[in-house]
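To start, the structure itself, in structure tokens.
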Number of protein chains: 2
Amino acid sequence: MKQHQIIIVDDHVLFSQALKGLIDDFEEFSIQAVLGNGKELITWFEENTKYPAVILMDINMPIMDGIEATKWLNDHHPDVKVLALSMDDHETTIISMLRAGAKGYLLKDIHPKILRQGINDVIEKGIYYTERVTNSILNTYKPDNGASAVLLKPRELEFLKLACTDKTYKEIASDMCLSPKTIDGYREALFAKLEVRNRIGLVLYGIKEKLVVL
Amino acid sequence: MKQHQIIIVDDHVLFSQALKGLIDDFEEFSIQAVLGNGKELITWFEENTKYPAVILMDINMPIMDGIEATKWLNDHHPDVKVLALSMDDHETTIISMLRAGAKGYLLKDIHPKILRQGINDVIEKGIYYTERVTNSILNTYKPDNGASAVLLKPRELEFLKLACTDKTYKEIASDMCLSPKTIDGYREALFAKLEVRNRIGLVLYGIKEKLVVL
DNA sequence: CAAAAAAAGGGGCTTTTCCCCCTCCTCAGC
DNA sequence: GCTGAGGAGGGGGAAAAGCCCCTTTTTTTG
């Protein structure tokens with residue numbers, strides 16, 4: 001048996017199987033399991049007792065995504081290290097993943113050598129940061145407005161989700177059981193808070209920040 | 001040398017390298033080259049004379065995407081068969097790719113066995129259709145409005161992209177060097193064609209169908 | 001060439017969106 | 001008990017979006 005066991009969690013079977021072949025060729029690692037989503041991962045952990053050293057975790061997956069799965073792992077098996085592996089290079093996604101407890105973040109367009117390096121670093125140093133990730137972390141602390149980042153209140157988020165719909169504000173008002181004028185207030189508040197000039201800007205923000213599901 | 005040569009075109013190096021390993025394990029195929037985008041593919045064809053039997057083509061790539069590359073291949077090397085390989089299962093993308101001349105369409109979440117079958121089918125029968133693709137083709141002929149599917153003209157697409165921006169229609173008009181009234185015409189035409197009732201619907205459509213980049 | 005279709009532009013109208021400034025109520029905290 | 005913050009609601013108006021019906025020009029095509 002090789003030194004380190006690894007589990008791949010990714011819903012793209014072709015990719016995960018191909019990746020398994022690639023990693024099995026590295027003499028220091030071997031693939032312990034290939035799973036399709038977070039739910040399968042939890043089931044695997046409930047049915048097994050010998051845990052892997054590293055989990056290569058995709059982020060966008062059906063049923064249970066990588067962020068939730070990473071949170072679960074951090075709660076129940078904090079010694080198993082998660083290395084996020086995604087083609088999504090949006091800053092918010094990277095941050096969410098790191099906040100959930102991932103020890104590193106790799107993009108799928110990297111060279112296999114980098115992956116090998118990344119896995120080794122996570123095992124040895126407990127952490128692996130690429131330049132891209134470092135930049136994202138720095139960006140969250142940019143001198144923007146001082147105290148808090150753009151944090152929406154529950155009611156504002158609810159409105160934003162409805163604004164990303166083809167409903168008129170009047171319809172949104174009745175959906176939220178509020179007067180159209182109150183909705184008008186939420187609208188203005190969000191315009192200012194998110195620095196947009198019209199409803200399209202609101203929709204674009206909601207989608208970019210993944211606050212709304214399409 | 002093995003029977004059939006294959007070229008992989010995909011910007012996700014980790015995936016393409018892993019896939020190369022996978023396919024090299026199939027005894028009937030060998031990988032002739034692994035390229036990162038459509039432009040590299042054209043350059044490769046200009047510098048080589050022994051062409052592959054099949055090209056596994058990703059769709060979303062920087063510089064030159066899979067659709068354009070497939071069109072170029074169809075024009076210049078119609079004997080080389082393109083098998084589209086994407087995680088994008090949107091109907092419009094599938095249709096665009098088949099219209100560009102792809103002989104089949106596979107999703108990245110398939111099992112390696114299916115890939116092997118697909119490549120073999122494309123080589124032997126010249127074509128490979130999964131159920132998903134067949135459905136898409138059927139859907140374009142749904143008894144909707146008679147003639148054409150939802151295919152946007154270049155000018156309409158240009159307008160749609162600008163509509164997915166926080167610009168006003170007046171600003172869009174001057175961007176496209178048209179009168180606001182003409183823009184109004186495009187708007188109405190798109191509302192009808194895409195079955196939406198306001199600009200938000202337009203934005204949502206554009207993003208869902210990945211016609212606009214965020 | 002003529003007919004048809006597509007592209008461009010317009011008039012006039014209603015609804016919706018956007019903006020600013022104002023009131024009432026409630027509840028937490030000196 | 002007063003005060004201030006925040007949620008809910010409102011008046012009024014300008015601008016943009018949406019709707020229908022119409023003309024002219026260019027391009028395509030039988």
Side-chain angles (χ1 to χ4, degrees), chain A residues 145-209 211-212, chain B residues 92 96 99 140-141 144-209 211-212:
Chain A
N145 44 18
S148 66
V150 183
L151 250 188
L152 302 185
K153 288 166 232 165
R155 218 73 221 270
E156 285 177 337
L157 186 61
E158 196 183 340
F159 165 71
L160 179 59
K161 284 182 181 176
L162 286 166
C164 296
T165 291
D166 66 356
K167 291 178 204 273
T168 67
Y169 289 133
K170 206 184 293 180
E171 289 168 336
I172 294 176
S174 81
D175 275 18
M176 288 177 70
C177 298
L178 290 173
S179 125
K181 272 299 176 180
T182 305
I183 289 300
D184 203 40
Y186 281 108
R187 185 191 52 70
E188 275 208 70
L190 277 188
F191 276 21
K193 202 178 277 191
L194 308 181
E195 295 176 53
V196 300
R197 57 196 270 246
N198 53 35
R199 187 164 163 187
I200 308 296
L202 229 46
V203 173
L204 263 24
Y205 178 91
I207 291 170
K208 274 185 193 156
E209 300 298 323
L211 299 175
V212 295
Chain B
T92 49
S96 300
R99 222 190 287 274
T140 53
Y141 293 113
D144 186 26
N145 44 17
S148 67
V150 185
L151 245 188
L152 302 186
K153 289 165 230 166
R155 219 75 220 275
E156 285 178 337
L157 185 63
E158 195 182 342
F159 164 70
L160 179 58
K161 285 182 180 175
L162 286 166
C164 295
T165 290
D166 67 355
K167 288 177 204 271
T168 67
Y169 289 133
K170 208 184 291 181
E171 290 168 337
I172 293 175
S174 83
D175 275 18
M176 290 178 68
C177 300
L178 291 174
S179 128
K181 271 297 175 182
T182 306
I183 290 301
D184 203 41
Y186 281 109
R187 185 190 51 71
E188 275 209 70
L190 277 189
F191 277 21
K193 204 179 277 192
L194 308 181
E195 295 176 52
V196 299
R197 59 185 187 128
N198 52 34
R199 188 166 161 185
I200 309 296
L202 229 48
V203 174
L204 262 24
Y205 178 92
I207 292 170
K208 274 185 195 157
E209 300 298 323
L211 298 175
V212 297

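Just so you know, these numbers use all the heavy atoms, side chains as well, and skip hydrogens, waters and symmetry mates.
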Out of [options], which has the shortest distance to the side chain of [X]?
X        : options               : value
B:Arg199 : D:dG18, C:dA7, C:dT17 : D:dG18
B:Phe191 : D:dG18, D:dG7, C:dC20 : D:dG18
B:Glu188 : D:dG7, D:dA16, D:dC19 : D:dC19

Check the phosphate of [N] against [X], side-chain N and O only, distance under 4.0 Å to OP1 or OP2. Yes or no?
X        : N      : value
B:Arg155 : C:dA6  : no
B:Tyr169 : D:dG18 : yes
B:Thr182 : C:dG9  : yes

Check: [Y] main-chain N/O paired with [X] side-chain donor or acceptor under 3.5 Å:
X        : Y        : answer
A:Arg199 : B:Ile200 : no
B:Glu188 : B:Gly185 : no
A:Asp184 : A:Arg187 : no
A:Asn198 : B:Asp166 : yes

Side chain B:Lys181 and base D:dG18 donor-acceptor under 3.5 Å |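 Result: no qualifying N/O pair found.
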Heavy-atom donor-acceptor pair, A:Asp184 side-chain to C:dC18 base, under 3.5 Å |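 Checked by distance alone, the answer is no.
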From [atom1] of [X] over to [atom2] of [N], roughly how many Å is that when rounded to an integer?
X        : N      : atom1 : atom2 : result
A:Ile183 : C:dT16 : CD1   : C1'   : 14 Å
B:Glu158 : C:dA8  : CD    : P     : 10 Å
A:Ile200 : D:dA16 : CD1   : C1'   : 11 Å
B:Leu190 : C:dA7  : CG    : P     : 11 Å
B:Leu202 : D:dC19 : CG    : P     : 12 Å
A:Arg197 : C:dT17 : CZ    : C1'   : 13 Å
B:Lys167 : D:dA17 : NZ    : P     : 13 Å
B:Glu171 : C:dC18 : CD    : P     : 13 Å

Give [X] one of three labels, base, sugar-phosphate or nothing, depending on what nucleic acid heavy atoms sit under 4.0 Å from its own.
X        : value
B:Asn198 : sugar-phosphate
A:Ser179 : sugar-phosphate
B:Arg187 : base
A:Thr168 : sugar-phosphate

Quick one: do A:Arg155 and A:Glu158 make a salt bridge, cutoff under 4.0 Å?
->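 Yes.
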